[in-house]
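Notes to accompany the following structure.
Because the structure is a prediction, the values reported are computed rather than measured.
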Amino acid sequence: MTSHSPLPIPDSRLFSIPTRIYWEDTDAGGVVYHAQYLAFLERARTEWLRARGLGQEVLRHQHDLVFAVRSMTLDFLRPARLDDLLRVTAEVRECRHASVVFAQSIERGDQTLLTAEVKVAVLAAATFRPRRLPETLYQAFRTLERPTDRQEDREPRNDG
């Protein structure tokens, strides 16, 4: 794939990629090793960016920025197994000037195997110090935020 590869519905809030489980992803019992789920989540976020024309090299060289995982909350619900075909999703839950929170899931058919909330910090590529998203990226990511009905999410916030 190139950085211009068309992937599923780039303008949609919910983005997903297929992932097949191989022997290398599993433990001796054929069950996906827990740390491997992190790689699947990372790939979905990376492809989410790429589908919007923002591959990692574009961000680094044209915008002097990289994203670094700041925190993660994972809920392991069911195991994935050898040869399963999974769907890994990513969508923006919240965009702030210096961070983005993604809601992610890993699904097999109609079963959700894992849910995750991943907060990434915006860093200057040259120094790895925190920085603000360029305004055009900030506005583009804000338009992709998932609508919510929770009262605390509708109240004004300090964008930091």
Side-chain angles (χ1 to χ4, degrees), residues 1-60 65-123 133 137-155 157:
M1 282 187 212
T2 67
S3 61
H4 302 315
S5 295
L7 287 174
I9 318 169
D11 295 328
S12 171
R13 284 189 173 99
L14 182 63
F15 178 83
S16 68
I17 60 169
T19 298
R20 175 76 64 192
I21 301 302
Y22 297 100
W23 186 255
E24 67 197 28
D25 301 319
T26 66
D27 61 17
V31 174
V32 172
Y33 179 65
H34 71 278
Q36 190 60 32
Y37 290 102
L38 302 180
F40 301 156
L41 296 172
E42 176 74 24
R43 289 176 197 162
R45 290 190 312 277
T46 297
E47 293 301 335
W48 177 88
L49 285 165
R50 187 185 317 276
R52 286 161 176 76
L54 297 170
Q56 300 288 353
E57 290 298 296
V58 169
L59 289 172
R60 195 162 60 94
L65 81 88
V66 294
F67 293 108
V69 172
R70 172 72 172 89
S71 64
M72 260 185 189
T73 303
L74 303 172
D75 194 4
F76 295 91
L77 304 170
R78 293 179 176 86
R81 300 182 189 284
L82 182 64
D83 290 328
D84 280 353
L85 179 59
L86 307 179
R87 179 182 126 154
V88 185
T89 70
E91 65 183 327
V92 175
R93 174 167 288 156
E94 179 181 23
C95 180
R96 294 193 172 197
H97 285 286
S99 65
V100 181
V101 177
F102 287 91
Q104 293 194 256
S105 67
I106 298 178
E107 302 163 356
R108 178 182 55 227
D110 62 355
Q111 292 184 318
T112 301
L113 307 182
L114 176 141
T115 60
E117 182 175 280
V118 182
K119 183 176 185 176
V120 296
V122 181
L123 303 177
L133 274 171
L137 293 180
Y138 171 74
Q139 292 302 328
F141 289 5
R142 285 293 305 268
T143 65
L144 295 169
E145 283 182 324
R146 180 177 58 188
T148 182
D149 292 329
R150 296 185 342 198
Q151 177 62 34
E152 63 269 21
D153 290 338
R154 288 194 303 259
E155 295 179 8
R157 62 183 186 212

Under the rule for ring-ring contact (aromatic ring centres under 6.0 Å, His included), what residues qualify as partners of Phe76, not counting sequence neighbours? Tyr37

Please lay out, stage by stage, how Asp75 and Thr73 fare under the test side-chain contact (heavy atoms from CB on, under 4.5 Å). CA-CA 7 Å; Asp75 194 4; Thr73 303; over 6 Å; no

Between Leu14 and Thr89, does the side-chain contact (heavy atoms from CB on, under 4.5 Å) criterion hold? Intermediate values first, please. CA-CA 7 Å; Leu14 182 63; Thr89 70; 3.7 Å; yes

Test your reading of the model: is there a side-chain donor-acceptor pair from Arg146 to the backbone of Arg13, 3.5 Å cut-off? no

Enumerate the residue pairs fulfilling salt bridge (charged side-chain N to carboxylate O under 4.0 Å, His left out) with a member in residues 97-116, sequence neighbours excluded, ordered by first and then second residue. Asp84-Arg108, Arg87-Glu107

Return the CD1 to CG distance between Ile106 and Leu114, rounded to the nearest 0.5 Å. 4.5 Å

To the nearest 0.5 Å, tell me how far Leu74 CG sits from His34 NE2. 9.5 Å

For residues 21-39, the salt bridge (charged side-chain N to carboxylate O under 4.0 Å, His left out) pairs (sequence neighbours left out) are none

First locate atom CZ of Arg142, then atom CZ of Arg96, and finally report the distance between them rounded to the nearest 0.5 Å. 9.5 Å

Taking atom types as modelled, is there a side-chain donor on Thr112 or Ser105 under 3.5 Å from an acceptor on the other? no

With rounding to the nearest 0.5 Å, note down the distance linking CD in Glu47 to CZ in Phe15. 6.0 Å

With a 3.5 Å distance limit and no angle check, can you tell me whether Thr143 reaches the backbone of Ala140 through a side-chain donor-acceptor pair? yes

Test item: Glu145 and Glu94 side chains (from C-beta on) under 4.5 Å apart, heavy atoms: yes

Heavy-atom nearest pair, Trp23 first then Ala28, reads CH2-O, 4.5 Å

salt_bridge(Arg93, Glu91) N-O dist < 4.0 Å: no

Tightest non-hydrogen contact, residues Val122 and Ser99, listed as CG2-N, 3.9 Å

Tell me, do Leu85 and Arg20 make a side-chain contact under 4.5 Å, heavy atoms counted? yes

Can you tell me how far OG1 of Thr19 sits from CZ of Arg43, rounded to the nearest 0.5 angstrom? 6.5 Å

Sub-4.5 Å side-chain heavy-atom contact between Phe67 and Leu49: yes

Separation between CG (Leu133) and CD (Gln139), nearest 0.5 Å, reads 10.5 Å

On a heavy-atom basis, which atom in Leu82 and which in Tyr22 lie closest, and how many Å separate them? CD1-C, 3.5 Å

For residues Cys95 and Val100, report the shortest heavy-atom separation together with the two atoms involved. SG-CG2, 4.2 Å

Which pair of non-hydrogen atoms, one from Phe141 and one from Val92, has the smallest distance, and what is that distance? O-CG1, 4.1 Å

Hey, does Arg45 have a side-chain heavy atom less than 4.5 Å from the side chain of Phe102? yes

Can you find a pair of side-chain heavy atoms, one from Ile21 and one from Leu86, that are under 4.5 Å apart? yes

State, yes or no, whether a side-chain contact exists between Val32 and Pro79 at a heavy-atom distance under 4.5 Å. no

Taking side chain as C-beta onward, heavy atoms only, is Val69 less than 4.5 Å from Val118? yes

Over all atoms of both residues, closest heavy-atom pair of Leu144 and Trp48: CD1-CZ2, 3.7 Å

Do any N or O atoms from the side chain of Gln104 and from the backbone of Ala116 form a donor-acceptor pair under 3.5 angstrom? no

